[in-house]
Amino acid sequence: MNATPDPEAPVDAAFVRRWLDAAAAAMDRESARLTELDSPIGDADHGTNMRRGFLAARTAVEQDPPETPGGVLVLVGRTLISTVGGASGPLYGTLLRRAGKELGEEQAVSAARLRDALRAGVDGVAALGGAGPEDKTMLDALLPALDALTGALDAGGGAADALAAASAAADEGAKATTPLRARKGRASYLGERSVGHQDPGATSSALLITALAETARGDV
Amino acid sequence: MNATPDPEAPVDAAFVRRWLDAAAAAMDRESARLTELDSPIGDADHGTNMRRGFLAARTAVEQDPPETPGGVLVLVGRTLISTVGGASGPLYGTLLRRAGKELGEEQAVSAARLRDALRAGVDGVAALGGAGPEDKTMLDALLPALDALTGALDAGGGAADALAAASAAADEGAKATTPLRARKGRASYLGERSVGHQDPGATSSALLITALAETARGDV
Amino acid sequence: MKMLINVAENVVADALRGFAAAHPELTVDVERRVIVRRGAPYEGKVGLVSGGGSGHEPLHGGFVGKGMLDAACPGEVFTSPVPDQMVRAAAAVDSGAGVLFIVKNYTGDVLNFQMAAELAEDEGVQVVSVLVDDDVAVTDSLYTAGRRGTGATLFIEKIAGAAAEEGAPLDRVAALARQVNAASRTFGVALSACSTPAKGGPTFDLPEGELELGVGIHGEPGRERRAMMTSGEIADVTVEAVVSDLNPDGPVLVLVNGMGATPLLELYGFNAEVQRALAERRVPVARTLVGNYVTSLDMAGASVTICQVDEELLRLWDAPVSTPGLRWGC
Amino acid sequence: MKMLINVAENVVADALRGFAAAHPELTVDVERRVIVRRGAPYEGKVGLVSGGGSGHEPLHGGFVGKGMLDAACPGEVFTSPVPDQMVRAAAAVDSGAGVLFIVKNYTGDVLNFQMAAELAEDEGVQVVSVLVDDDVAVTDSLYTAGRRGTGATLFIEKIAGAAAEEGAPLDRVAALARQVNAASRTFGVALSACSTPAKGGPTFDLPEGELELGVGIHGEPGRERRAMMTSGEIADVTVEAVVSDLNPDGPVLVLVNGMGATPLLELYGFNAEVQRALAERRVPVARTLVGNYVTSLDMAGASVTICQVDEELLRLWDAPVSTPGLRWGC
Ligand SMILES: Nc1ncnc2c1ncn2[C@@H]1O[C@H](COP(=O)(O)OP(=O)(O)O)[C@@H](O)[C@H]1O
Ligand SMILES: Nc1ncnc2c1ncn2[C@@H]1O[C@H](COP(=O)(O)OP(=O)(O)O)[C@@H](O)[C@H]1O
Ligand SMILES: [Mg+2]
Ligand SMILES: [Mg+2]
Ligand SMILES: [Mg+2]
Ligand SMILES: [Mg+2]
C-alpha cells in the first residue's frame, strides 16, 4: 500500500476500501429513505437490500482484504450478488465485479482507468438488465456520472474534481428520474402512475458516486 | 276475533299479532344500536340476531296465523329458535314458547293470565340459561317487568297501566345493568371489563316489553 | 372496513355456495346450512357433528370428510347455529351407531345443541354431546359462562374422528373426545380486532402499540391489554399460560393457530419462539401444526393450543384424514 | 403496524426455524435458506427448484414435497433469493436427470436465477428455466418488465411436479411447465395494502371506500384505483380480465386465491361470484381451489387464476401431492 499516494495513480486498494466504508455508511444512513422511495413505485425494500449488501461487503473485505483495487471491487460485487437478491443485487454486483475485472491485477490506477472500470461496469448493468437511458433506473444516475467523469478528465481536470462533477451529475440524474415513466423493473408495472416519483436505484447510485467523490476529496 | 275487545280479557290473537308487529318494527329500527351495545362486551351480533328472528316470526305468523294468543306466542317462539341461533335464540324462543303454552287453547285472556304467561316464560329462561338477578342478562329487564306487572295488577290497575309500569321497570332494569359485572354469556369473559356497558339482551327485552305496553295502549 | 362481500345479510349463504362449488366431494345444503360428508351415513360408524358461528373457517365445514367430521352446521357470523340444523345433520349421518355432538362452550352453542339433542332423540337418534372448553384465559369460571372452546376443537374433531373412522362405538368416541378436551389448553392473543360484516368495522378498538391478551375467537376483547411485545415475549406469555395450567408430564401436540390476518411468515416465526418456550419448560413436542385453522375473521394474532397425548391419542392424530382444511395420510 | 415478530431483520430466519420445527419431513437449511425434500435427489427424477421473495407463504417452501417441488429458495421479504441459494438447491436435488428452475417474471428473480443457472451449469448440473408470467394486469409489455408471475406458479409447480414424479425427462417437464404458463391468466385485486416488516407500515395508501385493481403480490400498487365494489362486481371485472385475455375454449382450473388477510368466509363467497361470472361467459370449470396460496403478507384482497387444461394436464393436476401447503391423493 502507498503511504503517499501517487497523484497520477491515486486509486489503490486502500482508496477502494475507504470508498467502501463511505458507501456502507451511506447505505446504512439512507436505508429508510431508499425504502421509502421504493414504496410508492416498488416493494419497499431497496434500502434494506442495499444496507444488507454493503454491510456484508465491508465485512467480507475486512476479513480477507484483497491487495488490488480491482480485487476489492470484485469481492464487493460478488458479496452483493450473494447477499442482496432482488434486482439491485445482480445489477450492482455486476457493476462492481465488471469494474474490478477491468482493473485486473493493477496495484494502483489513475482516474482515467477508474473511468474505464466504471464504463465496463455500467455496460455490464445495461447488458444484464436491458435498460437504457430514461427507463427510470439506476442507469439514469450512472450514465450521466460516467459522462461527466469522462468530460472532466478529457478537459484535463484532476481526479477529485472529475469525481465531484460525476457526483453532481449522478445527483442531477437521480432527481431527473422523477418525471419519467418507468419501463424497467417493478415500477414499470405502474405505467403512468410511476410518474412523479424519484427512482430508488438511481438514488442509491448517486449515493455511491458521491461516496466516491468524498473519498477522492479525502473526506473519508 | 273480537271486534270490540272484552275489557276483562283484552289479550286475543289479534293483540299478540299487533304486539309482534310492534316488536318486529322495534328490532328492525334498533338493530344497529343493539349490535353496537353487543360490541364492547359481546360479539356484535345481537341486533342482527333479533332483527332476523322477529322478521321471520312475523312472516311465519302472517303465513299461517294461529287463532289463539297462546298459539301465536308458541309460533313466534319456535320461529325464534329456528332462525336466531346464538344465546338469545333459545332464550327468547323459550320465553315465548313457554308463555304461549301457559295460555293453552284460551281464545282471549286477561292481563293476569298474561302475567302468568310471562312468569312461565321468565322461569323458562332462568332454568335454561341458569342466570339469576344481577348477572347482567335479559333477566335483569324481564324480572323487574314481571314484578311491576304483578304489583300493578295486584293493586287493581288495568291492563294498559300495568303494562306501562312493566315497560318502565324493564327500561330501568336494562339501564341498571350498566354498572354490573357480567356472570353469564359472552360478556362474562371480560370479567371486570364488562362493567360500564349496558347489556344488549336486557335492552332488547325492554324493547319487547315496551312494545307490549304500546299495544295495550292501542298505539299500534 | 372494506370487505369482499355483496351484502352483510348474505355472507354465510354466499360462502356456502362458493364452498359447495369448490368441494363437490361434500354434500352442501346451502338452504338448510348443513355440510355432510358424501356417502353418509356410513354403516356402523358413529356420526360426528359439530358446528358453531361462521367466521372461524376452515372450522367446522372445512373439517368434514374422512377421518374427521361427518357433518357441520354453520351459523351466522359468530352466532351459533339453530337446532334445526343439528337435527337435520344428526339424521343425515346416523347409521344407527349414534351421533356425537362436539360443542364449543358458549352459551349460544350449548343451548342450541342441547335443544337439538332433545329433538334428535325424539326422532330416535342416540346423541351424546361433548363440550370443548380449553381456553385458559377465562379464569374464575364460577363467575363466568366457563372456559371457551377454541383451538382444542381441532384436536378433538381429528382424534375422535379417527376413532369413529376405525369403528369405535359411541361411548368410546365420546370418552376420547372428553379425554382430549381435558388434556388441552389454549391461550390467544390479538394484535388487531376483527370486523364483522354486520357491524362493518372493528368489534373493539385496539390502539397501535397495544395488544390484547386472552382473546377468544369471536372478536370479544380479551382480559388484559398490554404494550406491544415481541414475538418471543408473546410466546413466553402464551406458553406459560397453557403449560402452567395443564402441567403436562409427557409429549404434547402443538397447534400454533393464526387468527386470520397474521401472515403465515409471521406465524412460522412465532412457532420458532413457541418451540423455544416449550423447550425451556421441558415440554416435549410430539407434533406441531402451524396455520390458520380456528380463525376469527380478519383478526391479527395467534393462539397456542397444547394437548398432552399418550400413544393411542398420537396414533389417532397421525391416522389418515381427508378434509378441505386438514389432510394427510390419504 | 403491529406485527408478530421479533426484529424486522430476522423475520425470514425466524420463519425458517419455525417452518423446520413444524415440518420435520423436509430438510431445512436455515443458515443457507434452502428447503429440500427429504431423500432428494431421487434416482432418475428431474429436480424442481423454485424460489422468490418471502411473504407469499405457503409459496414456495410450502410446496416442497412429493409430486411438487424438490427444493425452494426463500429470499428476504419481497426480495428475490440470491444465486448461491439456487446453486445449492440445484446441487441438492440433481440426480443427473437435470433441474428445472421455475422463475416468476420479476427482474430480480430473473437475474438471480439466471446467474444461478450459469453457476450450476459450471458445476455440471443441467438446468432449464421456465418463466411464469400470467398476470394480465400488466398490459403493454413493450414498456414494462413484462407480465408478472403470480397464481399460475401453483399450477405450474403442481403439474410439472406431477410429471417429474412420474419420471418424465427434463425437456418434457419443462415443456409442460411452459404449456401451463401459456394457458394461465391471473388478475388480482387489493382491498388494503400490505405492510412489510422493513417498512413497518402499509406499502401504499388505500383509502376507505376505494380498491386497487390489477395488483401484484409484492405490495406494489395496481394499475387503477376505483370506488369500492361488491364481491359480484369484483368477480366480473376479474373474470372478464382473465377470460378475455385467454379466451379459453375448454375446461379450466380455477384458483381463487386470498392475498392474506381476507377471511376464508369472504373468499368462499367470492368464489360463488367467480363461478357465476365464469358460467355466464360459458367457461366450463374442471376444478376449483380456494384458499391462501400465493399471498402478499397481510394484504386484503384476492386474485383469480384460470388455466385451460386438456386431459393430460387435468390428470397431472389430480395426481397425488403431499406438501405442507397442498396435499391430496396421498
Ligand atoms: N432492468 C433494470 N436495469 C437497471 N436497473 C434496474 C432494472 N430493474 C430495476 N432496476 C433498479 O433497481 C431498483 C430496485 O432495486 P430493489 O428495490 O433493490 O430491487 P427489487 O425491485 O427487486 O425490489 C430500481 O429502483 C431500479 O433503479
Ligand atoms: N345464560 C343466560 N341467561 C340469560 N340471558 C343470557 C344468558 N347468556 C346470554 N344472555 C343474554 O343474551 C344476550 C346476547 O345475545 P346475542 O348477542 O344474540 O347472543 P350471543 O351472545 O350468542 O352472541 C346477552 O346480552 C344477555 O342478555
Ligand atoms: Mg424493491
Ligand atoms: Mg352477541
Ligand atoms: Mg353471537
Ligand atoms: Mg424486492
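Letters go in sequence order (proteins before strands), and every chain restarts at 1. Please read these numbers as outputs of a predicted model, since none were measured by experiment.
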Checklist entry - For C/Glu210, is it the side chain, the backbone, both or neither that has a heavy atom under 4.5 Å from a heavy atom of chain D? => result backbone
Checklist entry - Hey, is D/Arg38 close enough to D/Glu25 for a salt bridge, meaning N to O under 4.0 Å? => result no
Item to check | Residue, of D/Leu265, D/Leu267, D/Val254, D/Val11, that accumulates the most heavy atom pairs under 4.5 Å with chain C | outcome: D/Leu265
Next on the checklist: Less than 4.5 Å to any heavy atom of chain D: does that hold for the side chain of C/Val77, its backbone, both, or neither?
Outcome noted: side chain
Checklist entry - Do you know which of D/Ala261, D/Ala15, D/Gly232 has the most heavy-atom pairs with chain C at a distance under 4.5 angstrom? => result D/Ala15
Checklist entry - Under 6.0 Å between the ring centres of C/Trp317 and C/Trp328? => result yes
Checklist entry - In terms of heavy-atom proximity below 4.5 Å to chain D, should C/Ala22 be classed as side chain, backbone, both, or neither? => result both
Checklist entry - Under a 4.5 Å heavy-atom cutoff, which of C/Met299, C/Glu273, C/His56, C/Arg276 has the most pairs with chain D? => result C/Glu273
Next on the checklist: Determine whether D/Thr305 and D/Asn257 satisfy the following criterion, side-chain contact (heavy atoms from CB on, under 4.5 Å), listing intermediate values before the conclusion.
Outcome noted: CA-CA 8 Å; D/Thr305 306; D/Asn257 174 62; 5.8 Å; no
Item to check | C/Leu4, part contacting chain D, at a heavy-atom distance under 4.5 Å | outcome: both
Checklist entry - Do D/Glu76 and D/Arg33 meet the salt-bridge criterion of a basic N to acidic O distance under 4.0 Å? => result yes
Checklist entry - Which bit of C/Pro58 is near chain D, if near means a heavy-atom gap under 4.5 Å: side chain, backbone, both or neither? => result both
Checklist outcome for this item: Honestly, the part of C/Met228 sitting under 4.5 Å from a heavy atom of chain D is side chain
Item to check | Between D/Thr295, D/Leu206, D/Asp298, D/Ile5, the one whose heavy-atom pairs under 4.5 Å with chain C are most numerous | outcome: D/Ile5
Item to check | When D/Gly61, D/Ser54, D/Ala235, D/Gly269 are compared by non-hydrogen pairs under 4.5 Å with chain C, the top option | outcome: D/Gly269
Item to check | Distance-only donor-acceptor check, side chains D/Ser231 and D/Glu266, under 3.5 Å | outcome: no
Item to check | Which atoms of D/Ile234 approach chain C - backbone, side chain, both or neither, heavy atom under 4.5 Å | outcome: side chain
Next on the checklist: Strictly below 4.0 Å, N to O, side chains only: are C/Asp236 and C/Arg281 in salt-bridge contact?
Outcome noted: yes
Item to check | Flag side-chain contact, heavy atom, 4.5 Å: D/Thr196 against D/Thr203 | outcome: yes
Next on the checklist: Heavy-atom pairs under 4.5 Å with chain C - which of D/Thr262, D/Thr288, D/Val290, D/Leu191 has more of them than the others?
Outcome noted: D/Leu191
Item to check | Side-chain (D/Arg37) to main-chain (D/Val64) donor-acceptor, under 3.5 angstrom | outcome: no
Checklist entry - By a 4.5 Å heavy-atom criterion (distance strictly below it), what part of C/Glu208 contacts chain D: side chain, backbone, both, or neither? => result both
Checklist outcome for this item: Okay, C/His23 and chain D: the region with an atom under 4.5 Å from a heavy atom over there is side chain
Item to check | Aromatic ring pairing D/Phe78/D/His218, orientation class (parallel under 30°, perpendicular over 60°, tilted between) | outcome: perpendicular
Checklist entry - If we ignore angles and hydrogens, is there a donor and acceptor under 3.5 Å between the side chains of D/Asn6 and D/Asp14? => result yes
